[in-house]
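Take a look at the structure set out below.
As a basis for the values below, the full set of heavy atoms in this structure was taken, side chains included, without hydrogen atoms, waters or symmetry mates. Not measured: the values here are computed from a predicted model.
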Amino acid sequence: MRYKELGNTGLQISAITIGTWGIGGAGWGDISRSASVDAIRTAIDHGVNAIDTAPIYGFGNPNLPDFGYGCAEEIIREAIVGQRDRLLLVTKCGLNYNRNIGPKSLYKRMTRAEIIEGCEGSLRRLGTDYLDLLFVHWPDDTTPLEEVAEAMQLLKTQGKIRCYGLSNFTQGDTLRADALLHVGAVQPQYSMVSRSSEAFMQAVHRRGIGSMTYGSLGAGVLTGVYRTLPQFSPNDTRVTFYDYFKKPKFSRIQALLKTMDEIAAAHHATPAQVAINWSTQKDFVDTAILGFSKPSHAVQNCAALDWALSSEELACLDRAIALHLEGAEKSEEAQ
C-alpha cells in the first residue's frame with residue numbers, strides 16, 4: 001500500500017479509500033451486508049486506512065428503519081470493531097430529509113444546526129467520539145460560508161472532528177471557505193473518464209488542501225467488466241447519477257478500454273488496476289475512493305498499489321483519453 005499526506009492536515013492516508021455509497025444497499029443493485037462487512041475488513045487487512053461514508057448512503061430503502069438513512073455508517077461500525085484507532089473515518093453532513101414528509105423531501109442544507117446535528121448523528125451511528133474528517137456533502141447556495149466555518153470550528157474545538165472538507169463545491173467557494181477556516185480536503189469526481197475537475201484539484205493542491213476523488217472507477221465502467229451495454233434498473237445510481245452507461249459515451253469508453261487492456265496485460269493486471277494507478281500516481285490526488293462490496297474486489301483493488309505505471313504508459317493512456325473521449329466530444333460539439 002502507498003500512503004500520502006492528505007493536503008497539509010498531517011493525516012497519512014492510504015492511496016485508496018474504502019467508499020461505501022454502494023454498501024448502503026440503495027440504488028446499486030443486489031448488495032449483501034455480510035459481504036460488505038467482510039470487504040471492509042479485507043481492505044483494512046491489506047493496508048487501507050480510510051473509510052468514506054455519508055448518512056445518505058443507503059437512503060431510500062423502505063424496508064429499513066428511517067428508510068436506510070445512516071445505513072452505511074452502521075455497517076461500518078460493525079466492520080471496524082476494535083480497529084478505530086488505526087483508521088481515518090470520513091463522513092458528511094448536509095443531505096437530509098423531512099421525517100414528516102418522507103424520502104421525497106430530500107434537501108441540501110449547510111446551516112450551523114444541520115452541520116452540528118449531522119455530526120452528532122454520525123458519531124452515534126459510527127460508534128466513535130470523533131471524526132477525522134467531516135465534509136459538507138453539497139452546497140445549499142443559501143447559507144453563508146461564514147456560518148459553515150463557525151460550525152466546523154466549534155466541532156474542532158469540542159474535539160468532535162479533526163478537520164473539515166467540502167464536497168461538490170466550486171473552486172471559488174472552496175478558496176473563500178479556506179480563507180475563513182482552512183479546508184482539509186475536497187471531494188471532486190475524477191477518473192480517466194471524468195477529468196473536468198483537474199484544474200480545480202491542482203489549484204487546491206497548491207493551497208495545501210487534500211483531494212479525495214470519487215467515481216474513481218467511473219461507476220464500474222473502468223473495471224472492464226461491462227463490454228456490452230448493461231440493462232440496469234431505471235433507478236440504479238449508475239444511470240441516474242453518472243452518464244458512462246449511455247451512448248455514445250459507453251462506446252467511446254470501450255475504445256479506451258482496449259488500450260487499458262494492453263497495458264494491463266503487460267503487468268498481468270486488470271483494467272481497474274490500471275485506472276487506479278493512473279489516478280493515484282497524480283501528485284494532486286491524495287486518495288481515490290473506491291466502492292467494493294465483496295472481499296475479492298478489495299483484494300484486487302489493493303493489489304493495484306503493488307506496481308506502478310511507467311511515464312510512457314501514462315502518456316499512452318492520456319493520448320487514448322484525448323482521442324476516444326475528449327477529442328470525440330469536441331468533434332460532436334462542433335457538429
From CG (D85) to OG1 (T128), nearest 0.5 Å | 8.5 Å
Just by distance, do the side chain of E147 and the backbone of T111 share a donor-acceptor pair under 3.5 Å?
-> no
Does R84 reach the main-chain N or O of V81 with its side chain, forming a donor-acceptor pair under 3.5 Å?
-> no
Without swapping roles, check the side chain of R41 against the backbone of A79 for a donor-acceptor pair under 3.5 Å.
-> yes
Do side-chain atoms of Q83 reach the backbone of I80 as a donor and acceptor pair under 3.5 angstrom?
-> no
First locate atom CD of E120, then atom SG of C93, and finally report the distance between them rounded to the nearest 0.5 Å.
-> 11.5 Å
For residues 44-54, run the donor-acceptor check on the side chains, cut-off 3.5 Å, and write out each pair with its distance to 0.1 Å, sequence neighbours left out.
unit_1: H46; atom_1: ND1; unit_2: T42; atom_2: O; d: 2.9
unit_1: N49; atom_1: OD1; unit_2: S14; atom_2: N; d: 2.9
unit_1: N49; atom_1: OD1; unit_2: S14; atom_2: OG; d: 3.0
unit_1: N49; atom_1: ND2; unit_2: Q12; atom_2: O; d: 2.9
unit_1: D52; atom_1: OD1; unit_2: K92; atom_2: NZ; d: 3.0
unit_1: D52; atom_1: OD1; unit_2: Q187; atom_2: NE2; d: 2.6
unit_1: D52; atom_1: OD2; unit_2: K92; atom_2: NZ; d: 2.8
unit_1: T53; atom_1: OG1; unit_2: T20; atom_2: OG1; d: 2.9

Test log, rule side-chain contact (heavy atoms from CB on, under 4.5 Å), inputs I13 and M212 = CA-CA 10 Å; I13 194 166; M212 304 179 69; 4.1 Å; yes
In plain terms, say whether E198 and R195 are close enough for a salt bridge, that is, a side-chain N and a carboxylate O under 4.0 Å apart.
-> yes
Between D261 and K258, is there a salt bridge with N-O shorter than 4.0 Å?
-> no
Ignoring hydrogens and angles, tell me if any N or O in the side chain of Q281 forms a donor-acceptor pair with the backbone of L309 under 3.5 Å.
-> yes
Non-neighbouring partners of E114 that pass side chain to side chain donor-acceptor pair (under 3.5 Å), sequence neighbours left out = N96, Y107
Walk me through it: do V285 and S211 pass the test side-chain contact (heavy atoms from CB on, under 4.5 Å)?
-> CA-CA 5 Å; V285 175; S211 287; 5.5 Å; no
Should W21 and F59 be marked as a ring pair (Phe, Tyr, Trp, His ring centres under 6.0 Å) after you check the CA-CA gap, both sets of side-chain angles, and the distance that decides it?
-> CA-CA 10 Å; W21 191 355; F59 179 63; over 10 Å; no
Quick one: pull up CG in N8 and CD1 in I209 and give me the separation to the nearest 0.5 Å.
-> 8.5 Å
Just by distance, with hydrogens left out, do Y214 and N168 show a side-chain donor and acceptor under 3.5 Å apart?
-> yes
Linking I/L/V/M/F/W/Y whenever their side-chain heavy atoms sit closer than 4.5 Å, directly or via other members, would Y130 and L126 fall into one cluster?
-> no
Hey, is the main chain of K4 close enough, under 3.5 Å, to the side chain of D286 for a donor-acceptor pair?
-> no
May I ask you to test the T142-R109 pair for a side-chain heavy-atom distance under 4.5 Å?
-> no
Considering only heavy atoms from C-beta outward, does the side chain of Y244 approach that of S194 to under 4.5 Å?
-> yes
Hey, are K249 and D243 close enough for a salt bridge, meaning a charged N less than 4.0 Å from a carboxylate O?
-> yes
Can you tell me how far CD of Q171 sits from OG of S197, rounded to the nearest 0.5 angstrom?
-> 10.0 Å
Would S216 and S279 count as having a side-chain donor-acceptor pair, cut-off 3.5 Å?
-> no
Would you say the side-chain atoms of T280 pair up with the backbone N or O of I276, donor to acceptor, closer than 3.5 Å?
-> yes
Are the ring centres of Y164 and F135 closer than 6.0 Å?
-> no
Are L314 and I321 connected in the hydrophobic side-chain network, where two residues link if heavy atoms are under 4.5 Å apart?
-> yes
Salt bridge between R162 and D132, side-chain N to carboxylate O under 4.0 Å?
-> yes
So, for A275 and L217, which heavy atoms are closest and what is the spacing to 0.1 Å?
-> CB-CD2, 3.8 Å
Do R99 and D66 sit within salt-bridge range, that is, some charged N less than 4.0 Å from a carboxylate O?
-> yes
State, with a plain yes or no, whether a side-chain heavy atom of T223 is found less than 4.5 Å away from one of P271.
-> no
Are any of the side-chain heavy atoms of H324 and I253 separated by less than 4.5 Å?
-> no
Check: T17 side chain, I289 main-chain N or O, donor-acceptor pair, under 3.5 Å | no
Where M152 and I161 come nearest, the two heavy atoms and their spacing | O-CD1, 3.7 Å
Indicate, with yes or no, if Y3 and I16 share a hydrophobic cluster defined by side-chain heavy-atom contacts under 4.5 Å among Ile, Leu, Val, Met, Phe, Trp and Tyr.
-> yes
Can I115 and C119 be said to form a side-chain contact (heavy atoms from CB on, under 4.5 Å), step by step?
-> CA-CA 6 Å; I115 290 172; C119 178; 5.6 Å; no
Is the backbone N or O of L6 less than 3.5 Å from a side-chain atom of T9, with the two atoms forming a donor-acceptor pair by type?
-> yes
Side-chain contact test, heavy atoms from C-beta onward, threshold under 4.5 Å: evaluate it for I18 versus L290 and give yes or no.
-> no
Short side-chain to backbone donor-acceptor contact, N61 and G68, under 3.5 Å = no
Quick one: do the E73 and T91 side chains pair a donor with an acceptor below 3.5 Å?
-> yes
Over-ring placement of R238 relative to F232, 6.0 Å and 45° cut-offs | yes
According to a 4.5 Å side-chain heavy-atom criterion applied to Ile, Leu, Val, Met, Phe, Trp and Tyr, with indirect links allowed, do V299 and L305 form part of one hydrophobic cluster?
-> no
L133 side chain reached by L88 side chain, heavy atoms, under 4.5 Å = no
Return yes if a side-chain donor-acceptor contact under 3.5 Å exists between Q153 and T157, otherwise no.
-> yes
Pair R2-N277, side-chain contact (heavy atoms from CB on, under 4.5 Å): steps then yes or no | CA-CA 11 Å; R2 299 194 292 261; N277 271 302; 3.0 Å; yes
For T240 and T237, test the side chains for any donor-to-acceptor distance below 3.5 angstrom and give the result as yes or no.
-> no
Hey, is D129 close enough to K160 for a salt bridge, meaning N to O under 4.0 Å?
-> no
Spacing of L134 atom CG and C163 atom SG [to the nearest 0.5 Å] = 9.5 Å
Taking atom NZ of K294 as the centre, does the number of heavy atoms from other residues, nucleotides or ligands within less than 6.0 Å exceed 12?
-> no
Kindly determine whether F169 and F200 satisfy ring pair (Phe, Tyr, Trp, His ring centres under 6.0 Å), including the steps that lead there.
-> CA-CA 10 Å; F169 278 63; F200 165 55; 9.7 Å; no
What's the verdict on ring pair (Phe, Tyr, Trp, His ring centres under 6.0 Å) for F67 and Y69, showing C-alpha distance, side-chain angles and the deciding distance?
-> CA-CA 6 Å; F67 292 96; Y69 193 85; over 10 Å; no
Looking at side-chain heavy atoms only, is the closest gap between H267 and Q273 below 4.5 Å?
-> no
With sequence neighbours excluded, residues passing side chain to side chain donor-acceptor pair (under 3.5 Å) with S36 | none
Any side-chain heavy-atom pair of L325 and L256 under 4.5 Å | yes
